[in-house]
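Reviewing the structure listed below.
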Amino acid sequence: TPVGKGLLEHVFQSGEIIRLDDITTHSKYVALPDKHPEIKSLLGSSIIINNERRAAIYMANKKHSSNNYTDSDELALSLLIPEIQHTLERNDLVNMLNIERLTLKHQRDEQQKLVKKIGKMRDQLVESEKMASIGQLAAGVAHEINNPIGYVSSNFSTLKNYIGDIF
């Protein structure tokens, strides 16, 4: 995208095809970017994509016949511009698709990490439930053992008194 003032900026901002056979007669347009080759004649236009000026295309210094651009040159450029616009629009769409593809890949990777994490948590939960079940089983067994022992233990004092009375 040209910036500043001068010939290329004029082509960029115009929105229509500009044909200048001798740019020296248009002194306000003579300014060119640094290190740009000299231009004597020019045929150019801006490239508009999605209602936004995006670039300028131009041909400079015609070297055939009278060195002036013709109506057929202008027609050729007017036929070329929609093709360039279409190509650039398609390029933008491909870039957007690539960005979306990368975004989806990143989201898929994140989801796979979450699935692995959920799997680990599920395994830990199953292990925890197994340990809890073993603990309940052990408590039940201990209770079943303690009840008869407690019964026998609590009746020893009574048994001791009876045995004392007998002797």
Side-chain angles (χ1 to χ4, degrees), residues 1-18 29 31-37 39 42-60 74-167:
T1 304
V3 250
K5 296 179 180 176
L7 180 62
L8 300 181
E9 179 65 17
H10 178 67
V11 170
F12 178 73
Q13 293 296 338
S14 72
E16 56 188 44
I17 294 177
I18 294 179
Y29 303 137
L32 292 170
D34 292 340
K35 299 180 182 179
H36 193 284
I39 294 179
L42 175 127
L43 178 65
S45 179
S46 59
I47 303 291
I48 299 171
I49 301 170
N50 298 326
N51 297 323
E52 177 186 351
R53 283 187 194 3
R54 297 277 293 274
I57 181 169
Y58 62 94
M59 298 176 280
E74 197 170 321
L75 177 63
L77 182 62
S78 70
L79 294 173
L80 180 64
I81 289 171
E83 296 302 319
I84 293 170
Q85 289 170 329
H86 176 72
T87 301
L88 293 174
E89 285 171 351
R90 191 173 61 211
N91 187 50
D92 284 354
L93 289 173
V94 167
N95 288 338
M96 287 181 355
L97 283 173
N98 284 335
I99 290 169
E100 288 298 318
R101 182 184 56 79
L102 291 174
T103 301
L104 288 172
K105 182 184 179 302
H106 176 72
Q107 288 175 348
R108 185 191 70 216
D109 293 345
E110 289 297 316
Q111 287 174 349
Q112 287 175 343
K113 287 178 186 176
L114 287 173
V115 165
K116 286 180 182 178
K117 189 174 181 180
I118 289 171
K120 286 180 182 178
M121 292 173 74
R122 185 195 65 226
D123 292 345
Q124 289 175 348
L125 182 60
V126 167
E127 187 68 27
S128 174
E129 288 176 359
K130 285 180 184 178
M131 295 304 285
S133 296
I134 290 172
Q136 287 177 345
L137 181 62
V141 169
H143 179 73
E144 292 301 320
I145 292 172
N146 279 342
N147 275 348
I149 291 175
Y151 176 77
V152 170
S153 173
S154 67
N155 288 321
F156 267 136
S157 61
T158 307
L159 181 62
K160 187 178 179 182
N161 289 339
Y162 286 152
I163 291 178
D165 288 342
I166 292 176
F167 289 120

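This structure is a prediction, so every number in the text was calculated from the model and none was measured.
Nearest heavy atoms, Val11 versus Ala56: CG1-CB, 4.1 Å. For Phe12 against Ser46, the heavy-atom pair with the smallest separation is O-CB, 3.0 Å. Closest approach of Ser157 to Ser154, counting heavy atoms only: OG-O, 3.5 Å. Taking every heavy atom of both residues into account, Ile81 and Ser45 meet most closely at CD1-CB, 3.3 Å. Residues Gln13 and Arg53 share a closest heavy-atom pair of O-NH2, 2.9 Å.
To the nearest 0.5 angstrom, Arg122 atom CZ is 9.5 Å from Ile118 atom CD1. Separation of atoms CE (Met96) and CD1 (Ile99) is listed at 8.5 Å; rounding is to 0.5 Å. Taking CG of Leu97 as the reference point, atom OG1 of Thr103 lies at 11.0 Å (rounded to 0.5 Å). Taken from CG in Leu114 to CE in Met121, the straight-line distance is 10.5 Å, to the nearest 0.5 Å. Taking CD1 from Ile57 and CG from Leu43, the interatomic distance works out to 9.5 Å, rounded to the nearest 0.5 Å. Taking CD1 from Ile47 and CG from Leu88, the interatomic distance works out to 7.0 Å, rounded to the nearest 0.5 Å.
With contacts defined as side-chain heavy-atom distances shorter than 4.5 Å, the pair Glu89/Asp92 does not qualify. Using a 4.5 Å heavy-atom cutoff, the side chains of His143 and Asn146 are not in contact. Here the side chains of Leu80 and Met59 are not in contact, with every heavy-atom distance at 4.5 Å or above.
In terms of modelled atom types and a separation under 3.5 Å, the side chain of Asn155 and the main chain of Tyr151 share a donor-acceptor contact. Here the side chain of Ser78 pairs a donor or acceptor atom with the backbone of Leu75 at under 3.5 angstrom. Of the possible donor and acceptor atoms, none in the side chain of Ser128 sits under 3.5 Å from a partner among the backbone N and O of Gln124.
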Quiz item: When you look at Leu77 and Glu74, which way does the side chain to side chain contact (heavy atoms under 4.5 Å, CB included) test go after all the steps?
Solution: CA-CA 5 Å; Leu77 182 62; Glu74 197 170 321; 5.8 Å; no

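For the side-chain hydrogen bond (donor to acceptor under 3.5 Å, both in side chains) with Asp109, the qualifying choice from Gln111, Lys113, Lys105, His106 is Lys105, the only one to do so.
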